[in-house]
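The next block holds one structure in the form of structure tokens; read it before the comments.
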Amino acid sequence: MLFVTGGSLVRKDVPPYVKAAREPTILCRVNSVGLRRRGLLPKKIIEVSKYLQNLYQKNYNNSASSANY
């Protein structure tokens with residue numbers, strides 16, 4: 001489940017459980033409501049949020065992102 005704000009023109013793939021906004025599309029944050037509905041605990045949602053922030057906002061690769069959260 002992803003979340004896209006109204007008026008956003010999405011021109012690229014948006015990963016699951018991420019909020020996307022603006023033009024050009026940027027990945028803003030994790031969709032914590034969607035993760036909570038899937039049964040994740042708050043501590044795990046924070047971990048996922050930090051991982052995705054490193055991966056998409058800081059442009060780290062998978063191994064660098066997991067090492068830095």
Side-chain angles (χ1 to χ4, degrees):
M1 174 187 318
L2 62 99
F3 184 90
V4 178
T5 62
S8 295
L9 181 58
V10 179
R11 297 175 190 238
K12 59 183 179 179
D13 292 338
V14 177
Y17 302 107
V18 171
K19 293 180 183 179
R22 302 193 187 126
E23 174 59 35
T25 304
I26 61 167
L27 305 176
C28 297
R29 10 184 105 181
V30 69
N31 182 355
S32 57
V33 173
L35 290 172
R36 193 171 48 237
R37 288 178 180 167
R38 295 288 293 181
L40 268 71
L41 298 174
K43 183 178 179 181
K44 191 55 83 173
I45 292 172
I46 291 169
E47 289 178 19
V48 170
S49 178
K50 289 179 182 178
Y51 178 82
L52 291 175
Q53 181 180 17
N54 284 332
L55 188 62
Y56 294 112
Q57 291 180 347
K58 295 181 181 176
N59 293 319
Y60 290 165
N61 61 26
N62 284 332
S63 57
S65 181
S66 61
N68 286 305
Y69 83 93

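Values reported hereafter were calculated over all heavy atoms of this structure, with side chains retained and with hydrogens, waters and symmetry mates removed. Quick caveat, the model's predicted, so the values are computed rather than measured.
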Under-4.0 Å salt bridge between K50 and E47: no
Partner residues of R36 under the side-chain hydrogen bond (donor to acceptor under 3.5 Å, both in side chains) criterion, sequence neighbours left out: none
Value rounded to 0.5 Å, distance of CG in L40 from CD1 in I46: 11.5 Å
